[in-house]
Every structure is written in structure tokens, then in C-alpha cells.
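Heavy atoms only: backbone and side chains are in, while hydrogens, waters and symmetry mates are out. For the single chain, residues carry numbers from 1 onward in sequence order.
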Amino acid sequence: SQQAVKRARREAVGEDTAGKRDSKLASMFPEIAAKVSTEEGMRALEQGSRHHDLAKQAIDEVYDRKDAVLLAKDQMATKMESIAEVPCKVWSCKVCKYKGSKP
């Protein structure tokens with residue numbers, strides 16, 4: 001956790017692992033990078049978001065929807081595997097080329 005906060009601070013300030021100050025974010029938003037580099041900014045990064053639980057709930061809902069779709073596909077595949085053959089009679093008309101079947 002501490003390493004992630006330090007890494008986020010380095011990225012925001014514009015330092016990579018070698019200590020160079022060439023980050024695109026820092027060059028685009030120098031005032032934000034300056035705030036993050038302060039002690040108060042570090043405390044805010046460590047504290048995290050107060051809406052973390054809402055974000056986690058939204059992400060879980062997305063995963064649940066995707067899981068439901070995959071489960072339905074799996075059930076359909078299982079059902080299709082159980083249907084091996086259905087005997088039927090097929091005929092076609094040579095005049096109008098109608099094709100019919102009868103189970």
C-alpha cells in the first residue's frame with residue numbers, strides 16, 4: 001500500500017523510477033503535481049476515496065451481468081449437447097422447389 005502511494009506520488013510529480021521529471025501528467029497539470037507532492041497531498045492519497053464502496057459495487061454489478069451472460073451461454077451449450085439427433089422426413093417439390101419436413 002505504501003509503495004503504491006509512493007509510486008502514485010512519483011508519477012503525479014513527474015518522476016519515473018530513475019528520478020527524471022518528464023511525466024506527461026506533471027507537464028500537463030503542474031499545479032496538481034505540486035499539490036500531490038506536499039504532505040497534505042500524501043495524506044489524501046493514503047486516505048483514498050470515500051466512494052470506494054460505490055465504485056466496487058458498480059464493478060461487481062458489471063461482473064455479475066457478464067457472468068450471467070456466460071452462464072446462459074454455457075447452459076445453452078449444455079442443452080445443445082444433449083440434443084444429438086432428431087429423426088425426421090424431408091421432401092422437396094421439383095416444380096416449386098419447396099422443401100418440407102416432418103418430425
Using 0.5 Å steps for rounding, measure from the CG atom of Asp74 to the NZ atom of Lys79.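 The NZ atom of Lys79 is 14.0 Å from CG of Asp74, to the nearest 0.5 Å.
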Using 0.5 Å steps for rounding, measure from the NZ atom of Lys66 to the CG atom of Leu71.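 The distance works out to 16.0 Å.
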Got Asp67 and Tyr63 here, is their nearest side-chain heavy-atom distance under 4.5 Å?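 No - every pair of side-chain heavy atoms lies 4.5 Å or more apart.
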Of all residues at least two apart in sequence or in a different chain, which pass the side chain to side chain contact (heavy atoms under 4.5 Å, CB included) check with Cys88?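 Partners of Cys88 under the side chain to side chain contact (heavy atoms under 4.5 Å, CB included) test: Val90.
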